[in-house]
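All chains are named by letter (A, B, ...) in the order of the sequence lines, taking the proteins before the strands, and each is independently numbered beginning at 1.
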Protein chains: 2
Amino acid sequence: MGSTAQFVILGMLSKEPMTGYDIRKRVKTRMGSFWDINYGQIYPTLRTLEKKGEVTKKVEIMENRPNRKVYSITNKGLNELKKWLLKPAEPESAKIETLLKVAFGEHLSKDEIIKHINEFKARNISRLEDASNIEKEMKAQLKKNEKYFFPLLTFSLGKSLHKAGIEWADTAIELIEKHKNFTKLYENGKNKISKIN
Amino acid sequence: MGSTAQFVILGMLSKEPMTGYDIRKRVKTRMGSFWDINYGQIYPTLRTLEKKGEVTKKVEIMENRPNRKVYSITNKGLNELKKWLLKPAEPESAKIETLLKVAFGEHLSKDEIIKHINEFKARNISRLEDASNIEKEMKAQLKKNEKYFFPLLTFSLGKSLHKAGIEWADTAIELIEKHKNFTKLYENGKNKISKIN
DNA sequence: AATGACATGTAAGAGGTTACATGATTGT
DNA sequence: ACAATCATGTAACCTCTTACATGTCATT
(Lines give C-alpha, C1' and ligand atoms only; values in the text may rest on other atoms or scores of the structure.)
Protein backbone atom coordinates (compact mmCIF):
# COMPACT_ATOMS: atom_id res chain seq x y z
CA MET A 1 0.00 0.00 0.00
CA GLY A 2 1.48 3.34 -1.00
CA SER A 3 4.95 3.18 -2.42
CA THR A 4 7.88 4.21 -0.28
CA ALA A 5 8.51 7.05 -2.73
CA GLN A 6 5.71 9.11 -1.24
CA PHE A 7 7.19 8.83 2.24
CA VAL A 8 10.63 9.79 1.03
CA ILE A 9 9.03 12.87 -0.49
CA LEU A 10 7.07 13.64 2.67
CA GLY A 11 10.21 13.12 4.72
CA MET A 12 12.18 15.55 2.59
CA LEU A 13 9.42 18.13 2.78
CA SER A 14 9.23 17.66 6.56
CA LYS A 15 12.72 19.16 6.70
CA GLU A 16 11.88 22.19 4.59
CA PRO A 17 9.71 23.25 1.63
CA MET A 18 11.20 22.28 -1.70
CA THR A 19 10.60 21.76 -5.41
CA GLY A 20 10.52 18.33 -7.03
CA TYR A 21 13.86 19.13 -8.54
CA ASP A 22 15.31 19.82 -5.09
CA ILE A 23 13.94 16.55 -3.72
CA ARG A 24 15.71 14.55 -6.40
CA LYS A 25 18.98 16.38 -5.83
CA ARG A 26 18.89 16.00 -2.07
CA VAL A 27 17.96 12.34 -2.13
CA LYS A 28 20.88 11.75 -4.47
CA THR A 29 23.45 13.59 -2.43
CA ARG A 30 22.23 12.73 1.05
CA MET A 31 20.81 9.26 0.54
CA GLY A 32 22.62 8.09 -2.55
CA SER A 33 24.21 5.18 -0.69
CA PHE A 34 20.93 3.62 0.33
CA TRP A 35 18.07 5.03 -1.74
CA ASP A 36 17.22 6.42 -5.14
CA ILE A 37 14.27 8.26 -6.61
CA ASN A 38 13.75 9.88 -9.99
CA TYR A 39 11.59 12.52 -11.63
CA GLY A 40 9.28 9.95 -13.13
CA GLN A 41 8.21 9.09 -9.60
CA ILE A 42 8.53 12.51 -7.97
CA TYR A 43 6.32 14.73 -10.13
CA PRO A 44 3.31 12.40 -10.34
CA THR A 45 3.60 11.57 -6.63
CA LEU A 46 3.67 15.25 -5.66
CA ARG A 47 0.39 15.74 -7.49
CA THR A 48 -1.13 12.72 -5.76
CA LEU A 49 0.00 13.99 -2.38
CA GLU A 50 -1.47 17.38 -3.14
CA LYS A 51 -4.82 15.82 -4.02
CA LYS A 52 -4.75 13.90 -0.75
CA GLY A 53 -4.02 17.13 1.14
CA GLU A 54 -0.67 15.95 2.44
CA VAL A 55 1.29 18.69 0.72
CA THR A 56 0.50 22.18 -0.56
CA LYS A 57 2.23 24.09 -3.32
CA LYS A 58 3.19 27.67 -3.94
CA VAL A 59 3.95 28.59 -7.52
CA GLU A 60 6.81 30.99 -8.15
CA ILE A 61 6.46 32.50 -11.59
CA MET A 62 9.61 32.15 -13.66
CA GLU A 63 10.50 33.76 -16.92
CA ASN A 64 11.83 31.53 -19.68
CA ARG A 65 11.75 28.38 -17.64
CA PRO A 66 9.13 26.18 -15.95
CA ASN A 67 7.56 27.87 -12.92
CA ARG A 68 9.02 26.70 -9.63
CA LYS A 69 6.51 24.78 -7.59
CA VAL A 70 7.55 24.84 -3.99
CA TYR A 71 5.85 22.13 -1.96
CA SER A 72 5.28 22.17 1.79
CA ILE A 73 4.08 19.36 4.02
CA THR A 74 0.72 19.75 5.79
CA ASN A 75 -0.24 18.46 9.22
CA LYS A 76 -2.06 15.62 7.52
CA GLY A 77 1.07 14.79 5.58
CA LEU A 78 3.15 14.90 8.73
CA ASN A 79 0.77 12.47 10.41
CA GLU A 80 0.98 10.06 7.50
CA LEU A 81 4.75 10.30 7.58
CA LYS A 82 4.83 9.56 11.31
CA LYS A 83 2.53 6.56 10.89
CA TRP A 84 4.88 5.16 8.29
CA LEU A 85 7.94 5.91 10.40
CA LEU A 86 6.49 3.80 13.21
CA LYS A 87 6.05 0.72 11.02
CA PRO A 88 8.87 -1.82 10.92
CA ALA A 89 11.24 -1.19 8.01
CA GLU A 90 11.23 -3.52 5.03
CA PRO A 91 14.23 -5.86 4.91
CA GLU A 92 17.10 -4.29 3.06
CA SER A 93 17.88 -5.36 -0.46
CA ALA A 94 20.82 -4.86 -2.76
CA LYS A 95 21.65 -5.36 -6.38
CA ILE A 96 25.34 -5.94 -6.99
CA GLU A 97 25.71 -7.05 -10.58
CA THR A 98 29.46 -7.19 -10.20
CA LEU A 99 29.08 -10.06 -7.73
CA LEU A 100 26.77 -11.82 -10.13
CA LYS A 101 29.46 -11.66 -12.79
CA VAL A 102 32.12 -12.77 -10.35
CA ALA A 103 29.91 -15.67 -9.25
CA PHE A 104 29.80 -16.82 -12.88
CA GLY A 105 33.48 -16.02 -13.28
CA GLU A 106 34.38 -19.48 -14.54
CA HIS A 107 33.30 -18.27 -17.98
CA LEU A 108 35.65 -15.28 -17.92
CA SER A 109 39.39 -14.78 -18.05
CA LYS A 110 41.40 -13.48 -15.12
CA ASP A 111 41.72 -10.06 -16.70
CA GLU A 112 38.05 -9.78 -17.51
CA ILE A 113 37.06 -10.49 -13.92
CA ILE A 114 39.64 -8.12 -12.53
CA LYS A 115 38.35 -5.43 -14.86
CA HIS A 116 34.85 -5.82 -13.42
CA ILE A 117 36.19 -5.66 -9.89
CA ASN A 118 38.25 -2.56 -10.63
CA GLU A 119 35.21 -0.80 -12.05
CA PHE A 120 33.30 -1.78 -8.96
CA LYS A 121 36.10 -0.41 -6.82
CA ALA A 122 36.17 2.87 -8.74
CA ARG A 123 32.44 3.39 -8.22
CA ASN A 124 32.85 2.76 -4.52
CA ILE A 125 35.78 5.15 -4.23
CA SER A 126 33.84 7.85 -5.99
CA ARG A 127 30.78 7.37 -3.79
CA LEU A 128 32.89 7.29 -0.68
CA GLU A 129 34.51 10.59 -1.67
CA ASP A 130 31.16 12.22 -2.33
CA ALA A 131 29.84 11.03 1.01
CA SER A 132 32.96 12.15 2.84
CA ASN A 133 32.80 15.62 1.36
CA ILE A 134 29.21 16.21 2.37
CA GLU A 135 29.83 14.65 5.74
CA LYS A 136 32.66 17.10 6.32
CA GLU A 137 30.44 20.09 5.61
CA MET A 138 27.70 18.71 7.82
CA LYS A 139 30.07 18.06 10.67
CA ALA A 140 31.30 21.65 10.49
CA GLN A 141 27.73 22.86 10.86
CA LEU A 142 26.70 20.30 13.47
CA LYS A 143 27.98 22.45 16.33
CA LYS A 144 25.65 25.25 15.30
CA ASN A 145 22.76 23.20 14.05
CA GLU A 146 21.76 19.85 15.42
CA LYS A 147 19.59 18.94 12.48
CA TYR A 148 22.54 17.17 10.88
CA PHE A 149 22.69 14.58 13.64
CA PHE A 150 20.54 12.01 11.81
CA PRO A 151 21.88 12.54 8.31
CA LEU A 152 25.36 12.09 9.77
CA LEU A 153 24.34 8.79 11.29
CA THR A 154 23.25 7.50 7.92
CA PHE A 155 26.43 8.72 6.24
CA SER A 156 28.41 6.71 8.69
CA LEU A 157 26.87 3.44 7.45
CA GLY A 158 27.01 4.51 3.82
CA LYS A 159 30.71 5.19 4.14
CA SER A 160 31.38 1.86 5.85
CA LEU A 161 29.63 0.00 3.08
CA HIS A 162 31.69 1.72 0.41
CA LYS A 163 34.87 1.08 2.37
CA ALA A 164 33.97 -2.59 2.66
CA GLY A 165 33.54 -2.68 -1.11
CA ILE A 166 36.94 -1.11 -1.73
CA GLU A 167 38.72 -3.43 0.67
CA TRP A 168 37.00 -6.46 -0.78
CA ALA A 169 38.04 -5.43 -4.28
CA ASP A 170 41.70 -5.33 -3.29
CA THR A 171 41.74 -8.68 -1.57
CA ALA A 172 39.62 -10.31 -4.27
CA ILE A 173 42.02 -9.20 -7.00
CA GLU A 174 44.95 -10.51 -4.98
CA LEU A 175 43.29 -13.89 -4.52
CA ILE A 176 42.42 -14.14 -8.21
CA GLU A 177 45.94 -13.28 -9.25
CA LYS A 178 47.44 -15.83 -6.87
CA HIS A 179 45.07 -18.51 -8.09
CA LYS A 180 46.93 -21.19 -10.07
CA ASN A 181 44.36 -23.49 -11.66
CA PHE A 182 42.21 -20.62 -12.77
CA THR A 183 41.46 -21.73 -16.30
CA LYS A 184 40.60 -25.24 -15.19
CA LEU A 185 37.86 -24.15 -12.84
CA TYR A 186 35.07 -24.74 -15.27
CA GLU A 187 36.29 -28.19 -16.22
CA ASN A 188 36.60 -29.22 -12.60
CA GLY A 189 33.18 -27.95 -11.70
CA LYS A 190 31.40 -29.84 -14.46
CA ASN A 191 28.98 -32.68 -13.86
CA LYS A 192 29.53 -32.90 -10.17
CA ILE A 193 26.64 -33.01 -7.82
CA SER A 194 26.81 -30.96 -4.67
CA LYS A 195 24.80 -31.13 -1.48
CA ILE A 196 25.08 -27.41 -0.88
CA ASN A 197 22.05 -25.44 -2.00
CA MET B 1 17.51 -5.00 -23.23
CA GLY B 2 16.75 -8.33 -21.61
CA SER B 3 16.33 -8.23 -17.90
CA THR B 4 19.13 -9.41 -15.68
CA ALA B 5 16.86 -12.22 -14.44
CA GLN B 6 17.46 -14.22 -17.58
CA PHE B 7 21.22 -14.07 -17.14
CA VAL B 8 20.98 -15.10 -13.52
CA ILE B 9 18.99 -18.10 -14.68
CA LEU B 10 21.46 -18.89 -17.46
CA GLY B 11 24.33 -18.50 -15.02
CA MET B 12 22.77 -20.93 -12.57
CA LEU B 13 22.10 -23.44 -15.34
CA SER B 14 25.68 -23.06 -16.56
CA LYS B 15 26.74 -24.65 -13.27
CA GLU B 16 24.39 -27.60 -13.54
CA PRO B 17 20.91 -28.53 -14.81
CA MET B 18 18.15 -27.51 -12.43
CA THR B 19 14.43 -26.90 -11.97
CA GLY B 20 12.95 -23.44 -11.54
CA TYR B 21 12.39 -24.27 -7.92
CA ASP B 22 16.08 -25.08 -7.48
CA ILE B 23 17.12 -21.84 -9.11
CA ARG B 24 15.10 -19.83 -6.65
CA LYS B 25 16.51 -21.74 -3.69
CA ARG B 26 20.10 -21.46 -4.82
CA VAL B 27 19.91 -17.77 -5.64
CA LYS B 28 18.50 -17.19 -2.18
CA THR B 29 21.14 -19.15 -0.33
CA ARG B 30 24.17 -18.34 -2.46
CA MET B 31 23.37 -14.83 -3.62
CA GLY B 32 20.96 -13.63 -0.98
CA SER B 33 23.27 -10.81 0.07
CA PHE B 34 23.38 -9.19 -3.34
CA TRP B 35 20.57 -10.49 -5.53
CA ASP B 36 17.01 -11.78 -5.42
CA ILE B 37 14.71 -13.47 -7.87
CA ASN B 38 11.28 -15.03 -7.44
CA TYR B 39 9.01 -17.54 -9.13
CA GLY B 40 7.01 -14.87 -10.88
CA GLN B 41 10.15 -14.09 -12.87
CA ILE B 42 11.68 -17.54 -13.09
CA TYR B 43 8.92 -19.64 -14.66
CA PRO B 44 7.96 -17.23 -17.45
CA THR B 45 11.63 -16.51 -18.17
CA LEU B 46 12.47 -20.20 -18.45
CA ARG B 47 9.79 -20.56 -21.10
CA THR B 48 11.13 -17.54 -22.97
CA LEU B 49 14.65 -18.93 -22.86
CA GLU B 50 13.39 -22.27 -24.13
CA LYS B 51 11.67 -20.59 -27.07
CA LYS B 52 14.90 -18.76 -27.88
CA GLY B 53 16.80 -22.07 -27.76
CA GLU B 54 19.04 -20.99 -24.89
CA VAL B 55 17.84 -23.74 -22.57
CA THR B 56 16.28 -27.18 -23.04
CA LYS B 57 14.06 -29.07 -20.64
CA LYS B 58 13.61 -32.67 -19.60
CA VAL B 59 10.36 -33.52 -17.91
CA GLU B 60 10.46 -35.96 -15.02
CA ILE B 61 7.01 -37.40 -14.47
CA MET B 62 5.90 -37.09 -10.88
CA GLU B 63 2.92 -38.63 -9.19
CA ASN B 64 0.67 -36.39 -7.16
CA ARG B 65 2.71 -33.26 -7.64
CA PRO B 66 3.73 -31.04 -10.57
CA ASN B 67 6.18 -32.76 -12.93
CA ARG B 68 9.77 -31.68 -12.41
CA LYS B 69 11.11 -29.77 -15.37
CA VAL B 70 14.85 -29.93 -15.34
CA TYR B 71 16.41 -27.24 -17.50
CA SER B 72 19.87 -27.34 -19.09
CA ILE B 73 21.75 -24.55 -20.82
CA THR B 74 22.52 -24.91 -24.54
CA ASN B 75 25.57 -23.66 -26.40
CA LYS B 76 23.52 -20.74 -27.63
CA GLY B 77 22.56 -19.95 -24.06
CA LEU B 78 26.15 -20.18 -22.94
CA ASN B 79 27.16 -17.74 -25.66
CA GLU B 80 24.50 -15.25 -24.62
CA LEU B 81 25.63 -15.60 -21.02
CA LYS B 82 29.24 -14.94 -21.97
CA LYS B 83 28.28 -11.87 -24.00
CA TRP B 84 26.49 -10.47 -20.99
CA LEU B 85 29.35 -11.35 -18.66
CA LEU B 86 31.70 -9.25 -20.80
CA LYS B 87 29.56 -6.12 -20.56
CA PRO B 88 30.33 -3.64 -17.77
CA ALA B 89 28.18 -4.27 -14.70
CA GLU B 90 25.37 -1.88 -13.81
CA PRO B 91 26.17 0.39 -10.86
CA GLU B 92 25.16 -1.23 -7.61
CA SER B 93 22.02 -0.11 -5.85
CA ALA B 94 20.64 -0.64 -2.38
CA LYS B 95 17.40 -0.08 -0.55
CA ILE B 96 17.86 0.41 3.16
CA GLU B 97 14.55 1.56 4.55
CA THR B 98 15.97 1.61 8.05
CA LEU B 99 18.33 4.42 7.06
CA LEU B 100 15.42 6.29 5.54
CA LYS B 101 13.60 6.11 8.87
CA VAL B 102 16.73 7.11 10.76
CA ALA B 103 17.24 10.05 8.40
CA PHE B 104 13.75 11.27 9.33
CA GLY B 105 14.39 10.37 12.95
CA GLU B 106 13.53 13.82 14.26
CA HIS B 107 9.88 12.72 14.17
CA LEU B 108 10.52 9.66 16.33
CA SER B 109 11.44 9.06 19.95
CA LYS B 110 14.79 7.69 21.01
CA ASP B 111 13.27 4.27 21.69
CA GLU B 112 11.45 4.08 18.39
CA ILE B 113 14.64 4.77 16.46
CA ILE B 114 16.63 2.30 18.49
CA LYS B 115 13.96 -0.31 17.85
CA HIS B 116 14.37 0.16 14.09
CA ILE B 117 18.13 -0.11 14.39
CA ASN B 118 17.91 -3.25 16.50
CA GLU B 119 15.64 -4.90 13.96
CA PHE B 120 18.12 -3.92 11.25
CA LYS B 121 20.91 -5.40 13.33
CA ALA B 122 18.99 -8.65 13.86
CA ARG B 123 18.43 -9.07 10.13
CA ASN B 124 22.12 -8.54 9.49
CA ILE B 125 23.15 -11.00 12.17
CA SER B 126 20.84 -13.62 10.74
CA ARG B 127 22.11 -13.10 7.21
CA LEU B 128 25.69 -13.15 8.37
CA GLU B 129 25.08 -16.45 10.12
CA ASP B 130 23.47 -17.99 7.06
CA ALA B 131 26.33 -16.83 4.88
CA SER B 132 28.94 -18.07 7.34
CA ASN B 133 27.38 -21.52 7.53
CA ILE B 134 27.30 -22.02 3.80
CA GLU B 135 30.76 -20.54 3.46
CA LYS B 136 32.04 -23.09 5.97
CA GLU B 137 30.65 -26.00 3.97
CA MET B 138 32.04 -24.61 0.76
CA LYS B 139 35.46 -24.07 2.25
CA ALA B 140 35.53 -27.68 3.41
CA GLN B 141 34.86 -28.81 -0.14
CA LEU B 142 37.14 -26.28 -1.80
CA LYS B 143 40.20 -28.50 -1.43
CA LYS B 144 38.50 -31.22 -3.43
CA ASN B 145 36.52 -29.09 -5.82
CA GLU B 146 37.65 -25.71 -7.10
CA LYS B 147 34.23 -24.71 -8.34
CA TYR B 148 33.58 -22.98 -5.03
CA PHE B 149 36.33 -20.45 -5.60
CA PHE B 150 34.05 -17.78 -7.09
CA PRO B 151 31.04 -18.29 -4.84
CA LEU B 152 33.43 -17.96 -1.90
CA LEU B 153 34.72 -14.66 -3.25
CA THR B 154 31.19 -13.28 -3.32
CA PHE B 155 30.45 -14.54 0.18
CA SER B 156 33.42 -12.62 1.43
CA LEU B 157 31.88 -9.30 0.37
CA GLY B 158 28.42 -10.30 1.51
CA LYS B 159 29.74 -11.09 4.96
CA SER B 160 31.66 -7.81 5.19
CA LEU B 161 28.56 -5.84 4.32
CA HIS B 162 26.54 -7.56 7.02
CA LYS B 163 29.33 -7.04 9.53
CA ALA B 164 29.47 -3.36 8.66
CA GLY B 165 25.73 -3.18 9.31
CA ILE B 166 26.04 -4.83 12.70
CA GLU B 167 28.91 -2.60 13.80
CA TRP B 168 27.11 0.49 12.62
CA ALA B 169 24.02 -0.50 14.58
CA ASP B 170 25.99 -0.71 17.81
CA THR B 171 27.76 2.62 17.44
CA ALA B 172 24.60 4.34 16.20
CA ILE B 173 22.63 3.21 19.25
CA GLU B 174 25.43 4.42 21.51
CA LEU B 175 25.49 7.83 19.86
CA ILE B 176 21.72 8.17 20.06
CA GLU B 177 21.69 7.24 23.72
CA LYS B 178 24.45 9.71 24.54
CA HIS B 179 22.69 12.47 22.66
CA LYS B 180 21.40 15.15 25.04
CA ASN B 181 19.20 17.50 23.08
CA PHE B 182 17.45 14.72 21.29
CA THR B 183 13.89 15.92 21.59
CA LYS B 184 14.80 19.42 20.53
CA LEU B 185 16.27 18.37 17.21
CA TYR B 186 13.14 19.05 15.28
CA GLU B 187 12.65 22.50 16.76
CA ASN B 188 16.23 23.47 16.04
CA GLY B 189 16.06 22.25 12.48
CA LYS B 190 12.98 24.22 11.59
CA ASN B 191 12.93 27.13 9.19
CA LYS B 192 16.63 27.32 8.70
CA ILE B 193 18.10 27.47 5.28
CA SER B 194 21.13 25.38 4.51
CA LYS B 195 23.60 25.52 1.68
CA ILE B 196 24.18 21.79 1.70
CA ASN B 197 22.22 19.84 -0.87
C1' DA C 1 -1.65 -31.68 14.34
C1' DA C 2 0.89 -28.36 12.03
C1' DT C 3 4.64 -26.66 9.48
C1' DG C 4 7.82 -26.65 5.81
C1' DA C 5 9.71 -28.57 1.70
C1' DC C 6 8.71 -29.89 -2.80
C1' DA C 7 6.94 -28.19 -7.41
C1' DT C 8 4.44 -25.84 -10.85
C1' DG C 9 2.17 -21.88 -12.69
C1' DT C 10 -0.89 -17.28 -13.74
C1' DA C 11 -2.87 -12.67 -13.45
C1' DA C 12 -3.04 -8.29 -11.89
C1' DG C 13 -1.09 -4.60 -10.35
C1' DA C 14 2.53 -1.82 -8.33
C1' DG C 15 6.83 0.12 -8.87
C1' DG C 16 10.48 2.06 -11.41
C1' DT C 17 13.26 3.48 -15.59
C1' DT C 18 14.05 5.81 -19.90
C1' DA C 19 13.51 8.75 -23.47
C1' DC C 20 11.50 12.66 -25.03
C1' DA C 21 10.30 17.74 -24.95
C1' DT C 22 11.90 22.70 -23.80
C1' DG C 23 15.37 26.26 -23.06
C1' DA C 24 17.80 30.18 -20.44
C1' DT C 25 21.55 31.00 -17.21
C1' DT C 26 25.82 30.20 -14.98
C1' DG C 27 30.28 28.42 -14.52
C1' DT C 28 34.77 26.49 -16.50
C1' DA D 1 32.64 27.17 -26.61
C1' DC D 2 30.77 23.60 -23.80
C1' DA D 3 28.82 21.51 -19.92
C1' DA D 4 26.12 21.68 -16.03
C1' DT D 5 22.35 23.53 -13.50
C1' DC D 6 17.83 24.86 -13.07
C1' DA D 7 12.95 23.20 -13.72
C1' DT D 8 8.97 21.03 -15.30
C1' DG D 9 6.45 17.13 -17.12
C1' DT D 10 4.59 12.72 -19.90
C1' DA D 11 4.28 8.21 -22.07
C1' DA D 12 5.83 3.99 -22.88
C1' DC D 13 7.86 0.47 -21.27
C1' DC D 14 10.06 -2.86 -18.41
C1' DT D 15 10.50 -5.16 -14.12
C1' DC D 16 9.00 -7.06 -10.08
C1' DT D 17 5.93 -8.45 -6.39
C1' DT D 18 1.86 -10.52 -4.58
C1' DA D 19 -1.87 -13.30 -4.23
C1' DC D 20 -3.97 -17.08 -5.83
C1' DA D 21 -4.42 -22.12 -7.13
C1' DT D 22 -3.09 -27.13 -6.14
C1' DG D 23 -1.56 -31.07 -3.33
C1' DT D 24 1.81 -34.67 -1.26
C1' DC D 25 5.29 -36.06 1.80
C1' DA D 26 8.40 -35.72 5.68
C1' DT D 27 9.41 -33.91 9.94
C1' DT D 28 8.53 -32.14 14.56
Side-chain angles (χ1 to χ4, degrees), chain A residues 1-9 12 17-29 31-32 34-51 55 57-71 84 90-95 97 100 130 195-197, chain B residues 1-9 12 17-29 31 35-51 55 57-71 90-95 97 100 195-197:
Chain A
M1 235 171 286
S3 74
T4 312
Q6 77 184 272
F7 298 109
V8 176
I9 292 170
M12 287 293 140
M18 262 182 250
T19 66
Y21 189 86
D22 291 333
I23 290 170
R24 157 78 169 171
K25 198 176 52 176
R26 290 240 175 142
V27 171
K28 263 210 153 181
T29 53
M31 301 175 158
F34 57 91
W35 208 264
D36 188 30
I37 190 168
N38 53 333
Y39 298 131
Q41 295 172 269
I42 292 171
Y43 291 119
T45 304
L46 279 169
R47 254 172 290 127
T48 308
L49 289 171
E50 203 191 359
K51 272 180 213 152
V55 305
K57 75 159 180 273
K58 271 191 190 164
V59 181
E60 293 178 12
I61 309 297
M62 297 279 133
E63 281 162 23
N64 304 321
R65 90 174 62 169
N67 291 335
R68 290 186 90 222
K69 298 181 179 175
V70 182
Y71 289 88
W84 175 78
E90 291 295 312
E92 19 296 320
S93 73
K95 291 198 170 190
E97 235 187 61
L100 232 39
D130 291 348
K195 288 167 300 184
I196 305 171
N197 284 309
Chain B
M1 238 173 282
S3 73
T4 312
Q6 78 184 269
F7 298 109
V8 176
I9 292 169
M12 286 294 139
M18 260 182 253
T19 66
Y21 189 85
D22 292 333
I23 290 170
R24 158 79 169 171
K25 197 175 52 175
R26 289 240 176 142
V27 170
K28 264 208 152 183
T29 53
M31 300 173 160
W35 207 265
D36 188 31
I37 190 169
N38 52 339
Y39 299 130
Q41 294 171 271
I42 292 171
Y43 291 119
T45 304
L46 279 170
R47 255 172 289 128
T48 309
L49 289 171
E50 203 191 358
K51 272 181 213 151
V55 305
K57 76 159 177 275
K58 271 189 191 165
V59 181
E60 292 178 14
I61 309 296
M62 296 280 133
E63 282 163 22
N64 304 322
R65 92 174 60 170
N67 291 335
R68 292 185 88 223
K69 298 182 179 174
V70 181
Y71 289 88
E90 291 295 312
E92 19 296 320
S93 73
K95 291 199 170 191
E97 236 189 59
L100 232 39
K195 288 167 297 183
I196 304 171
N197 284 310

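- Under 4.0 angstrom from either OP1 or OP2 of C:dT8 there lies at least one side-chain N or O belonging to B:Y43.
- Considering NZ of B:K28 and NZ of B:K25, their distance stands at 12.0 Å, rounded to 0.5 Å.
- Taking side-chain N and O atoms only, A:T19 has no distance below 4.0 Å to OP1 or OP2 of D:dC6.
- Dashed line: the shortest gap from a side-chain N or O of B:N38 to OP1 or OP2 of D:dC16 is not under 4.0 Å.
- Ion pair A:R68/A:D22 flagged as a salt bridge, since at least one NZ, NE, NH1 or NH2 atom sits closer than 4.0 Å to an Asp/Glu carboxylate oxygen.
- Per the geometry, CZ belonging to A:R26 stands 13 Å off P belonging to D:dA7, to the nearest Å.
- The nearest whole Å value for the distance from the CD1 atom in A:I9 to the C1' atom in C:dG16 is 13 Å.
- Residue B:Y21 has no polar side-chain atom (N or O) positioned under 4.0 Å from OP1 or OP2 of C:dT8.
- At the phosphate of D:dA7, neither OP1 nor OP2 sits under 4.0 Å from any side-chain N or O atom of A:K25.
- Comment: B:K95 does not engage A:E90 in a salt bridge, judged by the lack of any side-chain N to carboxylate O separation of less than 4.0 angstrom.
- Of the two residues near DNA chain C, B:G40 and A:D36, the one whose nearest nucleotide lies more 5' is B:G40.
- In this entry the distance linking CD1 of A:I37 with P of C:dT17 reads 9 Å, nearest Å.
- Pairing each heavy atom of A:M12 with each of A:I23, the nearest pair is CG-CG2, 4.2 Å.
- Each of A:K69 and B:Y39 lies near DNA chain D, and the nucleotide nearest A:K69 is the one positioned closer to the 5' end.
- Distances were taken from every side-chain heavy atom of A:P66 (C-beta onward) to each of C:dT17, C:dA7, D:dT8; the shortest belongs to D:dT8.
- Between the CD atom of A:E90 and the P atom of D:dC16 there is a distance of 17 Å, given to the nearest Å.
- Of all nucleotides listed (C:dT17, D:dG9, D:dT17), D:dG9 comes nearest to the side chain of A:R47.
- Taking the side chain as every heavy atom from C-beta outward, A:W84 and A:T4 approach each other to under 4.5 Å.
- Spacing between atom CG of B:L46 and atom C1' of C:dA7 amounts to 13 Å, rounded to whole angstrom units.
- Here B:T4 does not reach the OP1 or OP2 of D:dT15: none of its side-chain N or O atoms lies under 4.0 Å away.
- In this structure, NZ of A:K95 is placed 12 Å from C1' of D:dT17, rounded to the nearest angstrom.
- Between A:G20 and A:L46, the closest heavy-atom pair is CA-CD1, 3.8 Å.
- One atom, CG of A:N67, and another, C1' of C:dA24, lie 14 Å apart when rounded to the nearest Å.
- Here A:Q41 does not reach the OP1 or OP2 of C:dG15: none of its side-chain N or O atoms lies under 4.0 Å away.
- Residue B:R24 is out of contact with every strand shown, counting any heavy-atom pair closer than 4.0 Å.
- Comparing A:P44 and A:M62 by the nucleotide of DNA chain D whose heavy atom lies nearest to each, the residue mapping closer to the 5' end is A:M62.
- The separation between A:R68 atom CZ and D:dT5 atom C1' is 13 Å, rounded to whole Å.
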